[in-house]
Protein chains: 2
Amino acid sequence: MAITISDVARKAEVSKSTVSKVLNNNPSISAATKEKINAVIKELNYTPNLKAVRFAKGVSKNIIFLSNMNANIAYSDPHMFDIMCGVYHELSSLNYSMNVEGLTGMAFPGERAINSIRSRSADGLIIHGSAATQEICNLLIKENIPHIIIGHPVFRDDLCWIDTDHRGAGIHAASHICTCGYKNPVFIAGRQGDTISDMRLDGFRQGMLNRGIHFKNTNIIYTDNGMDSTYEMLKKSLQNCKFDIAVCENSTIAFETVRALKKLKMSISDDISLLTFDSHPFSEIIEPRPTVIELNMLELGAQAGRMMIQKLTNPSVLIQSYTSIPMLLQGETTRSTII
Amino acid sequence: MAITISDVARKAEVSKSTVSKVLNNNPSISAATKEKINAVIKELNYTPNLKAVRFAKGVSKNIIFLSNMNANIAYSDPHMFDIMCGVYHELSSLNYSMNVEGLTGMAFPGERAINSIRSRSADGLIIHGSAATQEICNLLIKENIPHIIIGHPVFRDDLCWIDTDHRGAGIHAASHICTCGYKNPVFIAGRQGDTISDMRLDGFRQGMLNRGIHFKNTNIIYTDNGMDSTYEMLKKSLQNCKFDIAVCENSTIAFETVRALKKLKMSISDDISLLTFDSHPFSEIIEPRPTVIELNMLELGAQAGRMMIQKLTNPSVLIQSYTSIPMLLQGETTRSTII
DNA sequence: CTGAAAGCGCTTACAG
DNA sequence: CTGAAAGCGCTTACAG
């Protein structure tokens, strides 16, 4: 069998209590005793049994990351995994472990995750929006489960969540292009009514206003979320359009914008710049490499991790926040120097 | 405080032992007693404390999935997360939890994962190739840690691993196109010396041979892993090339092949078909949608999960296997009917 | 500064 | 079929 605290105590000729105190950095132990015990620990290559520690202390130090884990999700929603990485880094730096759960369960999707709280094998739940069903959300409140939902749930208003601030990203974009000296942007939006597109546009408008510029609706081109149709539409719209920079609401639009511009012999140049939101999925294959306003999903995950622990420390706080996490990835399609 | 087994025992007027036996489906308990206890369990809404159960039983029922979890990996290696999903599904169906760990540690990358074994908070390690450093691999053997590595490590030959069988996928591709009646394939390979490309090509050659066809080297076009250079090269090579189907070694090559064919006015048609390995990252934006030989990473992960449990059950087995998991995703660039 | 003892919430031989 | 008792490997008041 493995070495236990009793083996260490016996060999060091002290009590188990004393060994335990050394293990837990209890300041009451004398330097000499501490040294002696640490030597024995090293000699015996002793590692405390965490199952016993956690049981005795009544803590789990384990957080569930609950998300849709279905086939293909790695390709269709890589952002979710970027968030997961952020959660992982934050939790591990706080010495928590992260258990991944999908929507698995006998009685309802997500039951396994809920059960890990009920059985006290986890302290809290970080739930990706893709898994925040109404059923689960109701249980979170009913059973008073410490949780952070990534994405603003619409079901009810007493949940804890954080979400990206697309409006803030729009403001950031406007601010950046003004700083770079662009005067005449065109905003190529997604479908009208698309929540994210609308928020980015709204923020962009606000950002221009912050710089004293009234951004006119005639400088907005709406597209319809289809690649081919976007391309066709842009070929028409862009040729009669005067602008020094095209701000694309996402990378698919940017991809088609560049295609259309090439077709129109209006390739990216000193006079025609391009800025897009979101790297993924197309920005890496756009030629030339576009400048991107990217939402830092890793940081979003890290914030969720931090808030989870905050929630555990102070269960009564209601955490609800839009967090602005845009970062600029300088590419070849905008001036890099500020004028 | 939470309800414990003692509360249940008291209320049901039996001993803790008896309740425990009901909880563990011990057949010795009479139907009447069992029923009575289950009623109380439901009434009190009792859930056993898993920390106590695992401590008492001396098991963890927890597996670490160790991988590179750095920023951006979600976009650069989505396959890893697909594998992770497969591992998750398999482990959860076997009632294990899955702890995700990155290359975190004070003394060396991956120390946290190793420590979770040392501290008995996990039973075994499933290690993605991206995290299988020599240091970790040496520790696996030295400390006799139950493990499955996803990807064939080159360091030493006493490790347990599973890997994809790219040669098998090549055979599968050849077999499929023969079945569909193609007679004159051209194989567009990656760089000569690229391991995966070479294996797929080798398998393809073997698959043709299995059908009695000697596949000539003159029907191979090697590319160099650069997108633009591949495009330029293919524009030249393909125009003098007689073939009824182009077999592309990966989706980037397929993307450039289609571009080159379009440029040469040799678009995909009944006479010019295309089959590619790997959906990701380009197959979804290729027009028309290509037929793909896809390695089923989810299934790879599931197999790793199964083998991990097998290893736990029987610690002495040496698991080393190339597993063939190709699946055909029918697109618009090959005949679907078998002739 | 150190240790004896009780306790965390279960399981598991063992006896009856 | 059921229960008393010991045990899993720690922690933690408490006493000294």
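This one's a predicted model, so the numbers in the text were calculated from it and none came from an experiment. Proteins come first, then strands; the chains are lettered A, B, ... in the order of their sequence lines, and each starts at number 1.
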If you pin B/Ala31 and A/Val53 to their nearest nucleotides in DNA chain D, which one's is more 5'? B/Ala31
5'-most contact on DNA chain D (nearest-nucleotide basis), B/Asn26 vs A/Thr47, goes to B/Asn26
Protein-nucleotide distance ([X], atom [atom1]; [N], atom [atom2]), rounded to Å:
{"X": "B/Lys61", "N": "C/dC10", "atom1": "NZ", "atom2": "C1'", "answer": "16 Å"}
{"X": "A/Arg120", "N": "C/dG9", "atom1": "CZ", "atom2": "P", "answer": "8 Å"}
{"X": "A/Arg54", "N": "C/dG9", "atom1": "CZ", "atom2": "P", "answer": "17 Å"}
{"X": "B/Asn49", "N": "D/dC8", "atom1": "CG", "atom2": "P", "answer": "19 Å"}
{"X": "B/Arg10", "N": "D/dT2", "atom1": "CZ", "atom2": "P", "answer": "20 Å"}
{"X": "B/Leu23", "N": "C/dC10", "atom1": "CG", "atom2": "C1'", "answer": "9 Å"}
{"X": "A/Lys51", "N": "D/dG9", "atom1": "NZ", "atom2": "C1'", "answer": "11 Å"}
{"X": "A/Glu13", "N": "C/dA4", "atom1": "CD", "atom2": "P", "answer": "13 Å"}

Under 4.0 angstrom, heavy atoms only, what part of the nucleic acid is [X] near: base, sugar-phosphate, or nothing?
{"X": "B/Lys21", "result": "base"}
{"X": "A/Ser30", "result": "sugar-phosphate"}
{"X": "B/Thr33", "result": "sugar-phosphate"}
{"X": "B/Lys16", "result": "base"}
{"X": "A/Thr4", "result": "sugar-phosphate"}

Is [X] close enough to [N] that one of its side-chain N or O atoms is under 4.0 Å from OP1 or OP2 there?
{"X": "A/Ser15", "N": "C/dA4", "result": "no"}
{"X": "A/Ser20", "N": "D/dT11", "result": "yes"}
{"X": "B/Tyr46", "N": "C/dC10", "result": "yes"}

State whether B/Arg118 and B/Glu111 are salt-bridged, where the test is any N-O pair (Lys NZ or Arg NE/NH1/NH2 against Asp/Glu carboxylate O) under 4.0 Å. no
Could you check whether B/Arg306 pairs with B/Glu299 (Lys NZ or Arg NE/NH1/NH2 to Asp/Glu carboxylate O, under 4.0 Å)? yes
Is the number of heavy atoms from other residues, nucleotides or ligands under 6.0 Å of [X] [atom1] greater than 12?
{"X": "A/Asn144", "atom1": "CG", "result": "no"}
{"X": "A/Lys61", "atom1": "NZ", "result": "yes"}
{"X": "A/Lys11", "atom1": "NZ", "result": "no"}

Complementary nucleotide for D/dG16 - Watson-Crick or wobble, under 3.5 Å: C/dC1
Is the base of C/dG9 touched by the side chain of B/Lys57 through a donor-acceptor pair closer than 3.5 angstrom? no
Tell me whether B/Phe55 is stacked on the nucleobase of C/dC10, counting only the six-membered base ring and applying the 5.5 Å and 30° thresholds. no
